[in-house]
There are 2 protein chains.
Amino acid sequence: MAVAEEGHVGRAARKLHLTQPPLSRHILALEDELGTRLFERTPRGMMLLPAGEVFLSHARRILAEVDVAIARTKGAGEGEA
Amino acid sequence: MAVAEEGHVGRAARKLHLTQPPLSRHILALEDELGTRLFERTPRGMMLLPAGEVFLSHARRILAEVDVAIARTKGAGEGEA
DNA sequence: GATGATTACGGCAGTCGTAATTATA
DNA sequence: TATAATTACGACTGCCGTAATCATC
């Protein structure tokens, strides 16, 4: 998500308090796991491919739902306590 | 999810091709992260608490959505290739 | 004393960061 | 030659498994 938003691995890495290489490896590992390129590499940075857009929109929604799950679980726990 | 389904850390661990201690630690870490107990420990095993049920239902749906995300992304990638 | 979860502890895998390399304009 | 990504490589953190311990019936 950070790479998609920034358009650069380097800038995204700074945002995530990481350096370029590990983040680059994460992207490559994810593409490998999915069996699909998510980004087009350009000399100016990274550009989302259609498959990347599809994955990005799912990822955003799923992460939002994780937040909801955490909040609801905490709420249920406090209700009990 | 496995522990909830089996009702025992040990049985769940076997199902996951793991041993008891790391799985027990995962559960404890998750409870710590959420700040809430998910299971009641009984001498016969683990029983879901209400907060655990809430978390379980969210977890199931979220993992199913991850599968959908993967499938759709792969599909988009192949459509492009 | 048996069953089942948890804690201690040593070893290994995976991920990080720095440095070097590759690629394109 | 400048920018940006990737690969090489050494170091460290974190997770696993075995063994020991705690707790309840």
Side-chain angles (χ1 to χ4, degrees), chain A residues 1-56 59-60 62-63 66-67 69-70 73-74 76-77 80-81, chain B residues 1-56 59-60 62-63 66-67 69-70 73-74 76-77 80-81:
Chain A
M1 284 172 44
V3 173
E5 282 157 16
E6 295 294 330
H8 297 255
V9 174
R11 271 213 290 274
R14 270 198 298 282
K15 200 171 162 185
L16 299 170
H17 305 103
L18 221 65
T19 56
Q20 247 176 48
L23 185 52
S24 174
R25 284 189 298 253
H26 276 293
I27 300 291
L28 289 168
L30 179 59
E31 291 179 329
D32 189 51
E33 186 179 340
L34 293 170
T36 314
R37 293 276 137 209
L38 299 176
F39 292 95
E40 177 78 34
R41 274 72 171 170
T42 80
R44 290 278 156 221
M46 311 275 275
M47 236 189 54
L48 264 187
L49 292 171
E53 308 245 22
V54 169
F55 190 75
L56 175 62
R60 280 186 174 134
I62 288 169
L63 291 192
V66 168
D67 288 340
I70 290 170
T73 303
K74 283 182 177 172
E80 277 306 301
Chain B
M1 285 171 43
V3 173
E5 283 158 15
E6 296 293 329
H8 296 256
V9 175
R11 272 216 288 277
R14 272 198 297 283
K15 199 171 163 185
L16 299 170
H17 304 104
L18 220 66
T19 57
Q20 247 177 51
L23 185 52
S24 174
R25 285 189 298 252
H26 276 294
I27 300 290
L28 289 167
L30 179 58
E31 290 178 329
D32 189 53
E33 185 180 340
L34 293 169
T36 313
R37 294 271 144 219
L38 300 176
F39 293 94
E40 176 78 34
R41 275 73 170 170
T42 81
R44 292 275 156 226
M46 312 274 275
M47 237 190 52
L48 264 185
L49 293 170
E53 308 245 21
V54 169
F55 190 75
L56 176 62
R60 281 185 172 134
I62 288 169
L63 291 192
V66 169
D67 288 341
I70 292 170
T73 304
K74 283 182 177 173
E80 278 303 301

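Chain letters run A, B, ... following the sequence lines, proteins first, then strands; residues in each count from 1.
Nearest to the side chain of L28(A), among dA5(D), dT7(D), dA5(C), sits dT7(D). Closest to the L18(B) side chain, of the nucleotides dT24(C), dC16(C), dC16(D), is dC16(D). For R41(A), the listed nucleotide lying nearest its side chain is dT6(D); candidates were dT3(D), dT6(D), dG17(D). Distances from the side chain of P21(B) to the nucleotides dC16(C), dA8(C), dT6(D) place dA8(C) closest.
Between H8(B) atom NE2 and dA5(C) atom P there is a gap of 7 Å when expressed in whole angstrom units. Spacing between atom CG of D32(B) and atom P of dT6(C) amounts to 13 Å, rounded to whole angstrom units. Here dA4(D) presents its P atom at 17 Å from CD of E40(A), a figure rounded to the nearest Å. The separation between R14(B) atom CZ and dT3(C) atom C1' is 12 Å, rounded to whole Å. Note: CE (M46(A)) to C1' (dT24(C)) measures 15 Å, nearest angstrom. When rounded to the nearest whole Å, the span between CD of E31(A) and C1' of dA5(D) equals 12 Å. Rounded to whole angstrom, the span from the CD1 atom of I27(B) across to the C1' atom of dC16(D) amounts to 16 Å. Put simply, CZ on F39(B) is 10 Å from P on dT6(C), counting in whole angstrom units.
A donor-acceptor contact under 3.5 angstrom links the side-chain atoms of R25(B) to the base of dG17(D).
Nearest-nucleotide positions on DNA chain D for V9(A) and Q20(B) put V9(A) closer to the 5' end.
By the 4.5 Å heavy-atom criterion applied to side chains, I27(B) and F39(B) are counted as neighbours. Residues K15(A) and E6(A) form a side-chain contact, since some pair of their non-hydrogen atoms from C-beta on lies under 4.5 Å apart. Counting only heavy atoms from C-beta outward, the side chains of L56(A) and R60(A) approach each other to under 4.5 Å.
With respect to the salt-bridge test (charged N to carboxylate O, under 4.0 angstrom), the residues R41(A) and E31(A) qualify.
Of the side-chain N and O atoms in H26(B), one or more sit less than 4.0 angstrom from OP1 or OP2 of dC16(D). Considering only side-chain N and O atoms, T19(B) lies nowhere under 4.0 angstrom from the phosphate OP1 or OP2 of dC16(D). Phosphate proximity of dT6(C) to S24(B): present, with a side-chain N or O under 4.0 Å from OP1 or OP2.
The neighbour count for M1(B) CE, taken as heavy atoms of other residues, nucleotides or ligands under 6.0 Å away, is above 12.
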